[in-house]
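Have a look at the structure below before the remarks.
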2 protein chains.
Amino acid sequence: MPTIRDVARLAGVAPCTVSNTLNGTGYVAKTTRERVLAAVRELGYQPSAIARGLKLGRTNMIALIIPTISTPMFSEMIEGIEEVAAATNYNLILCRSARDPKRELTYLNLFRDGRVDGIILAAPKVDDPCFAEVSATTLPVVVVGGESPGQDVPSVVVDNRKGASEAIRYLLQLGHQRVGFINGPLTVFDSRERFEAVKDALRKAGVPFDEHHLYVEGDFTRSSGYAAAREIMSGPLRPTALFVGGDTMAMGAMQALKDLGFRIPDDVAVVGFDDIKYAQYFEPPLTTVRQPAYQVGSRATKMLLSLIEGKPLRRKHLVMDVKLVIRGSSERRRQPGGARGTSRHEG
Amino acid sequence: MPTIRDVARLAGVAPCTVSNTLNGTGYVAKTTRERVLAAVRELGYQPSAIARGLKLGRTNMIALIIPTISTPMFSEMIEGIEEVAAATNYNLILCRSARDPKRELTYLNLFRDGRVDGIILAAPKVDDPCFAEVSATTLPVVVVGGESPGQDVPSVVVDNRKGASEAIRYLLQLGHQRVGFINGPLTVFDSRERFEAVKDALRKAGVPFDEHHLYVEGDFTRSSGYAAAREIMSGPLRPTALFVGGDTMAMGAMQALKDLGFRIPDDVAVVGFDDIKYAQYFEPPLTTVRQPAYQVGSRATKMLLSLIEGKPLRRKHLVMDVKLVIRGSSERRRQPGGARGTSRHEG
DNA sequence: GTCGTATAGAAAAACGTTTTTGCAAAACCG
DNA sequence: CGGTTTTGCAAAAACGTTTTTCTATACGAC
């Protein structure tokens with residue numbers, strides 16, 4: 001690899017002149033500039049990002065610490081993050097935490113070594129030790145899908161309370177009196193918010209919530225949704241509707257319902273959360289609370305970039321809107337014919 | 001951020017002694033070591049990855065240039081790559097190419113600046129200008145899902161020919177005489193191989209292949225699969241089976257078949273390619289050629305790391321095995337009850 | 001006692017940039 | 001024409017490490 005010195009030698013100038021030419025800083029005469037640029041082309045010179053980073057104190061890289069990559073919701077979020085980063089000339093370093101606070105902490109510490117300009121921490125656990133670490137460090141960090149009451153870390157979350165209570169109100173309005181709730185683990189911020197909102201909504205409607213027989217926690221996987229639905233449906237308070245805090249779990253739950261001989265939505269209505277790309281192609285198509293994963297990612301990245309640039313944030317905590325999308329898993333409707341929407345994504 | 005000099009000052013030694021202590025190089029007395037380590041702890045010192053990278057000439061980072069992130073197959077591949085990288089103390093830089101050779105080229109050039117130690121280039125087009133660029137550069141690169149006859153770039157691909165011919169033979173064996181083929185774009189390596197294999201398999205069986213009425217190219221999206229199926233099914237040679245080169249497209253194709261009033265598999269059998277996580281939950285579950293996306297990623301990464309370490313590759317071109325997985329979309333079988341397999345993944 | 005030889009640590013060069021400072025020459029202004 | 005400002009470029013310091021080279025002490029062996 002040629003260095004700036006090689007270019008300088010070939011062009012018959014000093015290294016700083018090459019730097020000035022390439023960066024448009026300082027004074028450099030037109031003829032000199034052309035000589036330098038010719039030398040650059042001839043040698044195929046490219047400034048070392050590392051040396052540059054060392055000198056400038058920034059690397060134009062951001063890190064993303066996220067539980068998993070291949071989950072539809074997180075995939076879309078990553079895409080939102082990547083898009084904004086790339087458009088702003090930043091590169092994205094991807095780290096899988098597997099929801100393990102230890103791994104999160106390892107990465108968080110690792111990245112204090114100047115290799116990134118900022119970090120997006122996705123879906124840390126409630127009371128995750130990361131929060132303490134984050135507010136102790138000077139590196140810009142924004143959290144998505146999590147908040148910590150004590151430390152005031154910038155964050156982007158979705159309106160879990162609205163989504164959950166809307167889902168419950170909708171099911172009650174359809175006439176359901178016994179609603180089962182399959183939630184994610186309460187260590188997850190979203191799950192905790194949805195849990196509160198579901199209880200609230202039911203209480204306000206005067207419907208009792210039996211935490212023993214109508215509530216099960218899964219771990220967001222399809223199989224956990226399957227098991228949870230089996231458990232609830234074979235309990236003494238067999239519900240006529242199921243609210244599931246995650247579409248993949250809802251997929252498993254629907255499978256369980258079918259295997260148990262229940263018809264959806266006739267015997268049991270199902271409402272999910274997320275609106276992953278596949279939800280509309282479930283059989284029947286899944287009614288679910290849409291959360292804008294892509295936008296969560298892109299907004300968080302914009303916040304982080306502001307932080308990096310030293311600009312003040314207009315709002316330190318963003319709550320993204322959600323929306324109940326009604327499809328066939330909750331009520332019988334006219335069979336939609338033809339293509340139902342298209343997808344930007346390939347597969 | 002404290003530097004090595006601060007630590008040295010506090011410990012009363014020279015910077016090099018701190019370096020030697022931390023890296024286990026050179027001689028350093030036990031008492032000195034302890035003083036240094038104490039100083040490191042007290043200051044919360046962490047060596048700058050950038051300065052280190054500059055001096056050592058490596059960064060422990062690899063870049064991945066990949067068409068999309070949120071596609072199930074690519075997501076899994078990314079996970080395989082990340083896993084191996086993380087286990088070997090490498091970080092992964094993620095770049096979305098959108099299958100645009102220009103963007104690929106931009107990244108490829110960008111990364112010659114020393115910020116990464118190697119590159120994985122996923123799914124470049126056939127005759128992608130990248131190949132020339134790659135073989136011109138000295139940076140280790142391995143290509144997945146692509147090969148270039150001219151340049152001898154290390155690669156990992158799946159056995160598209162075997163998969164496609166097996167799928168076709170299977171459908172013929174079921175008694176189908178007119179088989180439609182919905183392929184990806186021929187600019188994609190995999191599609192091209194599958195195209196050849198399908199033609200071969202049909203020719204060998206003495207079944208004519210009507211490229212006009214039984215062959216359509218989509219772009220891997222669900223909607224393109226939908227449109228392609230509609231086109232083929234409304235042509236003059238209405239087939240009784242459809243082989244679709246991509247599960248997401250197959251999903252769209254199945255939707256089209258249903259909308260047109262065909263029963264699957266009774267009227268039309270469908271076989272896909274990929275075996276994405278959701279394929280087994282399609283309605284009916286999709287018969288498809290399983291390709292080991294995760295392993296493709298992990299093997300490619302291992303190859304790249306070998307290259308980076310300067311170790312010779314045992315095999316420069318890997319062809320990963322594929323396997324036809326028979327489910328309900330191709331033939332009626334006993335209805336499987338209970339949980340059908342579990343998933344490692346959440347979501 | 002002098003000579004190797006481990007041991008322990010310091011000094012300084014190097015990695016490839018950017019940036020400050022410095023110094024001419026040219027241009028401008030009265 | 002003298003002085004100021006602008007223009008054009010070079011020298012050198014700096015970023016924070018690692019590594020080579022060097023010095024110094026202690027320890028045996030001869």
Side-chain angles (χ1 to χ4, degrees), chain A residues 1-40 43-61 89 110-117 138-139, chain B residues 1-40 43-61 89 110-117 138-139:
Chain A
M1 279 287 100
T3 76
I4 199 172
R5 242 170 276 272
D6 300 323
V7 177
R9 196 154 29 220
L10 182 60
V13 298
C16 55
T17 302
V18 177
S19 177
N20 282 331
T21 305
L22 259 30
N23 298 321
T25 55
Y27 294 111
V28 34
K30 183 175 266 180
T31 62
T32 315
R33 182 201 324 285
E34 278 162 7
R35 255 195 356 262
V36 169
L37 290 179
V40 165
L43 295 177
Y45 167 73
Q46 185 153 17
S48 152
I50 307 300
R52 214 146 191 285
L54 177 59
K55 185 62 192 179
L56 296 180
R58 64 184 159 74
T59 59
N60 274 38
M61 302 234 187
N89 241 341
L110 180 64
F111 291 139
R112 298 191 323 157
D113 70 1
R115 80 179 69 190
V116 299
D117 298 339
T138 153
L139 199 64
Chain B
M1 281 287 100
T3 77
I4 200 172
R5 242 169 275 273
D6 299 322
V7 176
R9 195 155 29 224
L10 182 60
V13 297
C16 56
T17 302
V18 177
S19 177
N20 282 331
T21 304
L22 259 29
N23 298 321
T25 55
Y27 293 111
V28 34
K30 184 174 266 179
T31 62
T32 315
R33 182 202 323 284
E34 278 161 7
R35 258 201 346 268
V36 169
L37 291 179
V40 165
L43 295 178
Y45 168 73
Q46 186 154 16
S48 152
I50 306 301
R52 215 148 191 284
L54 177 59
K55 185 62 191 177
L56 296 179
R58 64 183 159 74
T59 58
N60 274 36
M61 301 232 188
N89 242 341
L110 180 64
F111 291 140
R112 297 191 324 156
D113 70 2
R115 82 179 67 190
V116 300
D117 298 340
T138 154
L139 199 63

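In what follows, every heavy atom counts, from backbone to side chain, and hydrogens, waters and symmetry copies are set aside. So you know, we letter chains A, B, ... as the sequences are listed, proteins then strands, and number each from 1.
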Where do N or O atoms of nucleotides 24-27 of chain D meet protein N or O atoms at under 3.5 Å, pair by pair?
none

Might you list the N or O atoms of the protein lying below 3.5 Å from N or O atoms in nucleotides 17-21 of chain C, with each pair's distance?
{"from": "C:dT17", "atom 1": "OP1", "to": "A:Tyr45", "atom 2": "OH", "distance (Å)": "3.0"}
{"from": "C:dT17", "atom 1": "OP1", "to": "A:Ser48", "atom 2": "N", "distance (Å)": "3.4"}
{"from": "C:dT17", "atom 1": "OP2", "to": "A:Ile4", "atom 2": "N", "distance (Å)": "2.6"}
{"from": "C:dT17", "atom 1": "O5'", "to": "A:Tyr45", "atom 2": "OH", "distance (Å)": "2.9"}
{"from": "C:dT18", "atom 1": "OP1", "to": "A:Asn23", "atom 2": "ND2", "distance (Å)": "3.2"}
{"from": "C:dT18", "atom 1": "OP1", "to": "A:Arg52", "atom 2": "NE", "distance (Å)": "2.7"}
{"from": "C:dT18", "atom 1": "OP1", "to": "A:Arg52", "atom 2": "NH2", "distance (Å)": "3.3"}
{"from": "C:dT18", "atom 1": "OP2", "to": "A:Ser19", "atom 2": "OG", "distance (Å)": "2.7"}
{"from": "C:dT18", "atom 1": "O2", "to": "A:Lys55", "atom 2": "NZ", "distance (Å)": "3.4"}

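Between atom CD1 of residue A:Ile4 and atom CD of residue A:Gln46 there is a gap of 12.5 Å, rounded to the nearest 0.5 Å. The CG atom of A:Leu54 lies 13.5 Å from the CZ atom of B:Arg52; values are rounded to the nearest 0.5 Å. From A:Arg115, atom CZ reaches atom CE of B:Met61 across 4.5 Å, with rounding to the nearest 0.5 Å. The structure places CE of A:Met1 at 5.0 Å from CZ of B:Arg112, a figure rounded to the nearest 0.5 Å.
Residues A:Thr21 and A:Thr32 form no side-chain contact, since every pair of their non-hydrogen atoms from C-beta on lies 4.5 Å or further apart. No side-chain heavy atom of A:Val13 sits less than 4.5 Å from a side-chain heavy atom of A:Val7.
A side-chain donor from one of A:Thr25 and A:Asn20 sits under 3.5 Å from a side-chain acceptor of the other.
For the residue pair B:Pro15 and B:Arg5, the shortest heavy atom distance occurs at CG-CG, 4.1 Å.
At least one side-chain nitrogen or oxygen of B:Tyr27 sits closer than 4.0 Å to the OP1 or OP2 atom of C:dT7.
Take A:Thr3 and apply the side-chain hydrogen bond (donor to acceptor under 3.5 Å, both in side chains) test, not counting sequence neighbours, and it matches no residue. Under the rule for a side-chain hydrogen bond (donor to acceptor under 3.5 Å, both in side chains), the partners of A:Ser19 that lie at least two apart in sequence or sit in another chain are A:Asn23.
Using modelled atom types, no side-chain atom of A:Thr59 and backbone atom of A:Gly53 make a donor-acceptor pair closer than 3.5 Å. Put simply, the side chain of B:Asn89 never gets that close to the backbone of B:Asn60: no donor and acceptor are under 3.5 Å apart.
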Evaluate the criterion side chain to side chain contact (heavy atoms under 4.5 Å, CB included) for residue pair A:Asp6 and A:Arg9; output intermediate values, then yes/no. CA-CA 5 Å; A:Asp6 300 323; A:Arg9 196 154 29 220; 2.8 Å; yes

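Axis angle across the helix from C:dG1-D:dC30 to C:dG30-D:dC1, with five pairs used at each end and values rounded to 10°: 50°.
Between the P atom of D:dC15 and the CZ atom of A:Arg58 lies a distance of 17 Å, rounded to the nearest Å. Rounded to an integer number of Å, the gap from CG of B:Leu54 to C1' of C:dA13 is 13 Å.
Using a 4.0 Å cutoff on non-hydrogen atoms, the parts of residues 29-37 of chain A near DNA chain D are A:Ala29, A:Thr32, ordered by number.
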